[in-house]
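Remarks on the structure that follows.
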Amino acid sequence: MIEEALKEINRGCAEIIDNERVEKLLKAYYDEGQTYAVKAGFDPTAPDLHLGHTVLLQKLATFQKYGGRVQFLIGSFTAMIGDPTGKSATRKVLTKDEIVKNIESYTTQAFKILDKEKTDIVYNNEWLDALGAAGMLELASNLTVARMLERDDFSKRYASNTPIAVSEFMYPLLQGYDSVYLKSDIEIGGTDQKFNLLMGRQLQKAYGIKKQQAVLMMPILEGLDGVQKMSKSLGNYIGVSDEPNDMFGKVLSISDDLMWRYYELLSTKSLDEIAMLRSGVEDGTLHPKKVKEELALEITARFHNEDAAQAAKAEFEKVHAKSQIPTDIEAFEIPSEDGSLWIAKALVDCKLEPSTSQARRDIKQGGVKINQEKISDMQLQLTPGEYLLQVGKRKFAKLKVS
RNA sequence: GGUGGGAUAGUCAAGUGGCCAACGACGGCAGACUGUAAAUCUGCUCCCUAUGGGUUCAGAGGUUCGACUCCUCUUCCCACCA
């Protein structure tokens, strides 16, 4: 039993520090039914979760299956400082209002994966507000500047004369202090958080907590482009609240290589099953598209439901494989001027094109279809009636010219 | 505080008085090919009912027939010195 749990917990992890501690916690759970606290911190900066975040959440859910209680920590206080991000730039500081607004949508999305009964939502401003200047200084005395500069992005920025705000130095300390206050047994985070996660261990020791937290790091999920990390600002993400059709389509749009990465980090299939799929593809008995579809189905079903996933699959087949028109198309009604409507203008008004200039170009290149017929006349006038407009392969609109 | 250098389209980056709506790269869009892709090849990539017109090269003025290119001031960055 413990072996199975450990295997699941280890899956996909980039690095585990103090695996022994994890084993002991599991043993205590199986022998004496004793639960333990697994902490993960979340910045309420982005109100929308994407699959990159769910890698972490799924790992938390795994712990919940094996006796862990999740401390879902909202960085309500630290978000106001700004985290030193990997981008080597000072992050914009959030106001209290923005944070409050983000938290609600954040948690509802998280509970699509987490077990609500085994989750405690905590806000670090509860204890950090009370820390005060004296507490802050005491906290800061635990760390030297030299050690702080060991942190990769700090040292790089320092070396390249990129400014580092002193407040940014405080961030790892505060995050570490969260672990002290919460007496966390395990903390989970991304590999980019290694320094901060280890700070939790160091501070727990400094504040006299006997057992320091184990640290479990998850790799950063690549975005749809397969190169940069998945992030909203880069636009290469799959959001957990994306529509089923979008979600399915986005998963299917990733490259074959990236698919295996997603399988490892996002699928609930066992590692053995995945290995079988992989060898099947390699020896040609399995079509990569089929395998990718399965992944897309699984993910879509997780955030919506099985029926929606199957429907999305059917829809995708219809639109892309068979070049048929999708089921749901946004409809527009635009009045004509003097009994006619210029096609380029119509495309812009139906939000298929950003400008009439772009519309003209696409028409010229044969990228525009009306009622499934390619058109080439950029001066085309639409007379009153109903039309099906299409730009490229996947942009559709129904238009009624009145 | 001093002295130099810089700010160009989504990003990076050429251009240093007219040939500039501005080379190139990446990204993006469209076409071909496919398994939806990816890779590859081709075209496009400020706006405007357009073989033409309008607004751009940090901001504000100025010189000039004419400025992204020259001058002045402002803002912000960077380098070296203190």
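Quantities reported herein were computed from a predicted structural model and do not represent experimental measurements. Each chain gets a letter, A, B and so on, in the order the sequences are listed, and its residues count up from 1.
Nucleotide B:A9 has no partner under the Watson-Crick or G-U criteria, as no pair reaches both atom distances under 3.5 Å. Nucleotide B:A79 forms a Watson-Crick or G-U wobble pair with B:U3, both donor-acceptor distances falling under 3.5 Å. Remark: B:A37 base-pairs with no nucleotide in the shown strands. Criterion, Watson-Crick or G-U wobble with two distances under 3.5 Å. Nucleotide B:G27 forms a pair with B:U45, judged by Watson-Crick or G-U wobble geometry with both contacts under 3.5 Å. Of the nucleotides present, B:C65 is the one that pairs with B:G18 by Watson-Crick or G-U wobble criteria, both distances under 3.5 Å. For B:A60, the paired nucleotide is B:U72, the pair qualifying as Watson-Crick or G-U wobble because both relevant distances are below 3.5 Å.
Annotation: B:C26 and B:C19 have their C1' atoms spaced 28 Å apart (nearest Å). Taking atom C1' on both B:C46 and B:C68, the two are 16 Å apart, rounded to the nearest angstrom. B:G6 and B:G10 have their P atoms separated by 23 Å, given to the nearest Å. As rounded to the nearest Å, B:A22 and B:G28 have P atoms that lie 24 Å from one another. Atom name P, nucleotides B:G4 and B:A9: the rounded distance is 27 Å, in whole Å. Atom C1' of B:C33 sits at a distance of 12 Å from the matching atom of B:A37, rounded to the whole Å. Spacing of C1' atoms, B:A39 relative to B:U45, comes out at 22 Å, to the nearest Å. Comparing the C1' positions of B:G27 and B:A79 gives an interatomic distance of 31 Å, to the nearest angstrom.
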Protein proximity profile, nucleotides 43-48 of chain B - base contact B, sugar-phosphate-only contact S, no contact -, cut-off 4.0 Å on heavy atoms = BSS-SB

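Sequence neighbours left out, not one pair with a member in residues 346-356 of chain A passes side-chain hydrogen bond (donor to acceptor under 3.5 Å, both in side chains).
Looking at residues two or more places apart in sequence or on another chain, you find no ring pair (Phe, Tyr, Trp, His ring centres under 6.0 Å) involving A:Phe111. Partners of A:Lys369 under the salt bridge (Lys or Arg N to Asp or Glu O under 4.0 Å) rule, at least two apart in sequence or in another chain, do not exist in this structure. Among residues two or more places apart in sequence or in another chain, the side-chain contact (heavy atoms from CB on, under 4.5 Å) test is passed with A:Gln381 by A:Ser340, A:Trp342. In this structure, the salt bridge (Lys or Arg N to Asp or Glu O under 4.0 Å) partners of A:Lys250, at least two apart in sequence or on a different chain, are A:Asp242. A:Arg11 meets the salt bridge (Lys or Arg N to Asp or Glu O under 4.0 Å) test with no other residue; sequence neighbours excluded.
Contact check of residues 377-398 of chain A against RNA chain B (heavy atom, cut-off under 4.0 Å) returns A:Gln379, A:Gln381, A:Gly392, A:Lys393, A:Arg394, A:Lys395. For RNA chain B, the residues of residues 285-306 of chain A within the heavy-atom distance limit of 4.0 Å (strictly under) are A:His287, A:Pro288, A:Lys289, A:Lys292, sorted by number. Contacts between residues 238-267 of chain A and RNA chain B, defined by a heavy-atom separation below 4.0 Å, involve A:Leu252, A:Ser253, A:Asp256, listed by number.
A side chain to side chain contact (heavy atoms under 4.5 Å, CB included) with A:Phe42 is found for exactly one of A:Asn102, A:Leu57, A:Leu73, A:Ile121, namely A:Leu57. The only option from A:Glu264, A:Glu294, A:Glu8 that meets the salt bridge (Lys or Arg N to Asp or Glu O under 4.0 Å) definition with A:Lys269 turns out to be A:Glu294. Checked against A:Asp18 for a salt bridge (Lys or Arg N to Asp or Glu O under 4.0 Å), the options A:Arg201, A:Lys211, A:Lys24 give a single hit: A:Arg201.
Distance, A:Asn236 CG to B:G10 C1': 15 Å, rounded to whole Å. The separation between A:Glu315 atom CD and B:U36 atom C1' is 14 Å, rounded to whole Å.
Taking 90° from 0 as the syn/anti boundary, the base of B:A30 is oriented anti.
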Considering only distance and modelled atom types, tabulate donor-acceptor pairs under 3.5 Å from the side chains of residues 393-402 of chain A, sequence neighbours left out.
none

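Between A:Ile74 and A:Val122 there is no side-chain heavy-atom pair separated by less than 4.5 Å. Residues A:Ile370 and A:Leu380 meet the side-chain proximity criterion, which asks for heavy atoms closer than 4.5 Å. At least one side-chain heavy atom of A:Tyr106 sits less than 4.5 Å from a side-chain heavy atom of A:Leu49.
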Run the numbers on A:Ile363 and A:Leu347 for side-chain contact (heavy atoms from CB on, under 4.5 Å), then give the verdict.
-> CA-CA 10 Å; A:Ile363 292 170; A:Leu347 291 170; 4.3 Å; yes

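No donor-acceptor pair closer than 3.5 Å links the side chain of A:Asp362 to the backbone N or O of A:Val368. When atom types are taken as modelled, the side chain of A:Ser76 and the backbone of A:Asn125 share a donor-acceptor pair closer than 3.5 angstrom.
A distance below 6.0 Å separates the ring centres of A:Tyr207 and A:Tyr177.
Taking the nucleotide of RNA chain B with the nearest heavy atom to each of A:Glu353 and A:Lys345, the more 5' of the two is matched to A:Glu353.
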Close N or O pairs between protein and nucleotides 23-27 of chain B (under 3.5 Å):
none

